Amino acid sequence: MHGTVSGSKLAFTLNGQDVVLQTAQGLRLSQVLREQLGARDIKIGCNAGDCGACSVLLNGENVCACLVSAEQADGQRVETVAGLVETDADARRLAESFQNHGAAQCGICTPGMIVAAVALLRDIPQPDEIQIQEALGGVLCRCTGYRKIIDAVADVPATLKGDGNVGSSIRKLDGWAKVSGREAFGDDVAPQGTLEIAVIRSPFARAAFRFDNLDAWLADQIGIATILTAADVPGKNCFGVIPAFADQPVFAETEARFRGEAVAAVVGTPEAIRAFKPENFPVIWTELESVASVSEARTAGAPELHPGRAGNLMCAGLVKTGDAAAALAAADVHVEGSFRTGFVEHAYIEPEAGFAQLVDGRVEIHACTQAPVMDREAMEIILGMDSSRIRIVPTGVGGGFGAKLDISVQPYLALGALKTGKPVRLTYSRSESMQSSTKRHPAEITLRIGAKSDGRISGFDFFGAFNTGAYASWGPTVANRVPVHASGPYRIEDYRAESNGVHTHCPPSGAFRGFGVPQSAIAQEALFDELAAKLGIDPLEFRILNALEDNMPTVCGQVFKQGVGIKACLEALRPAWLKARAEVEAFNAAATGSMRRGVGIAAGWYGCGNTSLPNPSTIRAGVKADGRVVLHQGAMDIGQGANTVICQIFSSALGLPVTAIEIIGADTDITPDAGKTSASRQTFVSGNAAKLCGEALRALILRQANASPESSLKLDAGAVVVHDGDRTHRIDLGKLPAGDLGYVFDVAETYDPPTKPLDENGQGVPYAQFGYAAQLAIVEVDTALGTVKPLSFVAAHDVGRAINPLLVEGQVHGGIAQGLGMALMEEYLPGRSENLHDYLIPTIGDVPPIETLIIEVPDAHGPYGAKGLGEHVLIPTAPALLNAIRDATGVSMREVPVTPSRLRAAIRKAAS
Ligand code: FES
């Protein structure tokens, strides 16, 4: 291999192959390997040595390739995951083991994990858990919760089982690409040397700005092809995921409303973009008064962000039933509290990235996304271009968790390609990703709950103000969803819950696993423990007493005749709860120093799919003349396993093995709309479409053979063989006429969950199904320092039917890790924690053992009874931890994250 850039001449071995190349001086090793040598199995998460995704072995030593200069590799030996899994026995074993354990979800961290693990295994062939944690401690994973990774490295026997049908724990069908580094994410798809884009962003929370002479500045630049500003937006300079609230410009026009808002961009050669300094761009800023919190924004006279949204109130939500005030007045005991949560950053390891080009007069955008069809709709408006001229081809997604539902790099890519006529690429730096992407809404919640002396809830009055930042994003969804869920999965007759979405000069808050429900659950579940204590009732039994059951109305008046699984979840926790309580009591009774232990439980529920709105999915499948069965699976797999789960459902309905199915992923040209990957809807909604599609394809084949519904199918060299009792029919596929896509059998089926609008009091049918969860956490608190160490979790989740139990466990682990981060360490502060060393997410040493109890209370609407799961897994975690902290210390924390300083201050205050 030979590079072409002038500068240093380097020679080293890359995965055993000699490499000689010329390279510019001062480049990172990661840059040279990826961009000059095409080694895109090395993934870039931060370019600062914080995430470890770019780990490689340099002379056998594990290093972050982003921290090593290319010159340091001269004369040395470099090994990367792609080479290792080909030739190294340890790496090969790890690649298999990662797949068997479901240890790779999105897969962006996996190359780094495997490289770090190879280095460990060469040193210590049979490492223990502590050694694994130490060796892999420099590699961050946002998806898995690390426990599966530890098991995979320790070579714990895997529990794969089943034949691939629904209910089987099988490996991910797309697992090899992830463990070998071959999965192509947003930054991996552009050809070498493509023009690049740099975005100029506001350094202030609020500022007026104007440009100096842009033409004169551009004329002085070498390698900068063009400048993009609002003036270059041919359509509407506005986007937003909810059309009625769309309010965000691609480029601010005269005033930036949050730190990190884009005002312009430059397009140039890679060298020019590398040398470009945003501070040299001719923009003149005037900082203006800004508001950062809900209370500031709601103060009379505060600057208003958007016309027509008086007092910065974006929208409000309400659910009301019975008479909360009267019930509270009649209650025997009350509890109340004010709670606060902060911004939480998604911190996916893959920053937003993509590539665009013009093909036959059309714009083609290849980027990481959770919602390709929504992206196309947004681009249609921004570009003022018919949607038939826009193609969205999603790349691999290195974690999304909600934020990649909003467009990010897409408009800059499209505008850059259109203006230059050339392919362009853009990858956000870690800090611009953190500055500009959406966050979990900070919440300020007040809640009052009453109960009768028999333990029944009597009155519930909730108000939550949610900081939605500068633009609406998913704020209206949060405002509508929270009042529906704030009760938790309990029977509450007299209820009032109101929410406000409030604009501030902060980054837009959007969708993040749970859409506001994790915040409301913190308040509700914490106060439930306090209420149980006042009543002298065991916290678990108090929840069971008040738990929703079949045929009981929810706070929206919705009555499920079946499928309400919260009681089953809570009861499943009872043995672990009783054991943990006894152990914790014994520990504390014997404790003499500052260490105390506590155990807490919390429950949660989550309505799957859009709130009272249509959200259909369509799945298409066909059989080719050569016997290939092709599934057009447009449900974005962002690591959760949609490719595998949807395929398992489809193949079960069709009656052919999952290994016979070929998947075509999302692509707006060739795959129908399976909706967005959000709101825990893919297994439920797209799963139903896949089931219908499998059944329809089966019916078509059986009709061709005039066979009975009980017949079995088999593929055999260009034919489908149908066994119908003792008769056998052979359908020779090559003899059948083929349609446009070459399919001799071709079906597409759509499913849309039945919901009904909510009335002015929030009464109606918001969701066709809910999923349910209850978790138990044990913690150890150093009451002198205020540090909290989670020791273990037990998580009971009602998934209706586990389509793939291995993937269910993976979701539970990942959700608990994110809930732990939210509870104990994560808070995004604009201007202060815009990187992964100041913004802390859980590392491999932070997540304790997790026992997952899979509960299956089937749902009549779910495919094979399945319910959604992705959001549910995080909801009970933070309140379970808060309740465990209270159990350990006697202190009720009202603010997350519970940092050591906050907890220590609260313990001291309580003691005084
Ligand atoms: Fe580790 Fe996604 S699997 S970051």
Side-chain angles (χ1 to χ4, degrees), residues 41-46 50-55 64 81 94-95 97-117 132-133 136-153 171-172 174-188 345-353 368-370 395-404 430 433-434 437 512-513 636-644 677 806-807 809-818 820-821 826 836 839-847 870 873-874:
D41 55 311
I42 300 157
K43 308 302 180 188
I44 307 297
C46 67
D50 295 320
C51 77
C54 66
S55 297
C64 283
V81 74
L94 285 165
S97 188
F98 266 60
Q99 292 182 83
N100 292 343
H101 283 280
Q105 288 193 17
C106 79
I108 188 87
C109 72
T110 312
M113 288 288 181
I114 290 186
V115 166
I132 294 170
Q133 287 173 335
L136 273 58
V139 189
L140 295 176
C141 175
R142 192 54 158 168
C143 302
T144 64
Y146 301 103
R147 301 306 306 183
K148 301 280 186 189
I149 292 173
I150 294 172
D151 287 351
V153 177
R171 287 174 166 200
K172 281 189 164 189
D174 49 4
W176 180 253
K178 296 172 195 290
V179 297
S180 62
R182 301 208 188 283
E183 178 91 323
F185 296 95
D187 191 40
D188 300 337
E345 158 68 23
H346 296 75
Y348 25 71
I349 305 303
E350 181 206 25
E352 297 77 358
C368 51
T369 177
Q370 295 179 232
T395 62
V397 183
F401 317 116
K404 290 177 184 170
R430 175 54 56 181
S433 168
M434 292 179 78
S437 65
F512 191 171
R513 224 167 183 169
M636 283 306 302
D637 192 324
I638 59 172
Q640 85 281 30
N643 283 337
T644 305
T677 290
L806 180 68
L807 300 188
E809 284 181 6
Q811 285 298 290
V812 171
H813 286 202
I816 284 179
Q818 289 185 353
L820 185 160
E826 295 186 35
L836 291 174
Y839 185 87
L840 300 179
I841 65 171
T843 68
I844 197 167
D846 291 318
V847 184
V873 290
L874 182 146

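Only a predicted model underlies this, so the values are computations on that prediction, with no experimental measurement involved. Numbering of ligands and ligand atoms starts at 1, following listing order.
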- Approximate separation, where rounding is to 0.5 Å, of Asp50 CG and Arg430 CZ: 9.0 Å
- If you look at every heavy atom in Ala104 and Thr110, which pair is closest and at what distance? CB-OG1, 3.5 Å
- Tell me, please: is Gly399 in heavy-atom contact with ligand 1, that is, under 4.0 Å? no
- Identity and separation of the nearest protein heavy atom to atom 4 (S) of ligand 1: Arg142 N, 3.3 Å
- Message: Could you walk me through whether Cys368 and Tyr348 satisfy the side chain to side chain contact (heavy atoms under 4.5 Å, CB included) test, starting with their C-alpha distance in whole Å, then the side-chain angles of each, then the deciding distance to 0.1 Å, before giving a yes or no?
- Response: CA-CA 12 Å; Cys368 51; Tyr348 25 71; over 6 Å; no
- Is any side-chain heavy atom of Asp188 closer than 4.5 Å to a side-chain heavy atom of Lys43? yes
- Message: Can you confirm if the NZ or CZ of Lys178 lies within 45° of the ring axis of Phe98 and under 6.0 Å from the centre of its six-membered ring?
- Response: no
- Is there an N/O/S atom in Cys106 that lies less than 2.8 Å from atom 2 (Fe) of ligand 1? yes
- Provide the number and element of each atom of ligand 1 under 4.0 Å from a heavy atom of Ile108. 4 (S)
- pair Val873-Arg513: side-chain heavy atoms closer than 4.5 Å: yes
- Could you tell me whether any N, O or S atom belonging to Cys143 is less than 2.8 Å from atom 1 (Fe) of ligand 1? no
- Message: Within the 4.0 Å heavy-atom shell around Cys141, which atoms of ligand 1 are there?
- Response: 1 (Fe), 3 (S), 4 (S)
- Atoms of ligand 1 less than 4.0 Å from Ile349 heavy atoms? 4 (S)
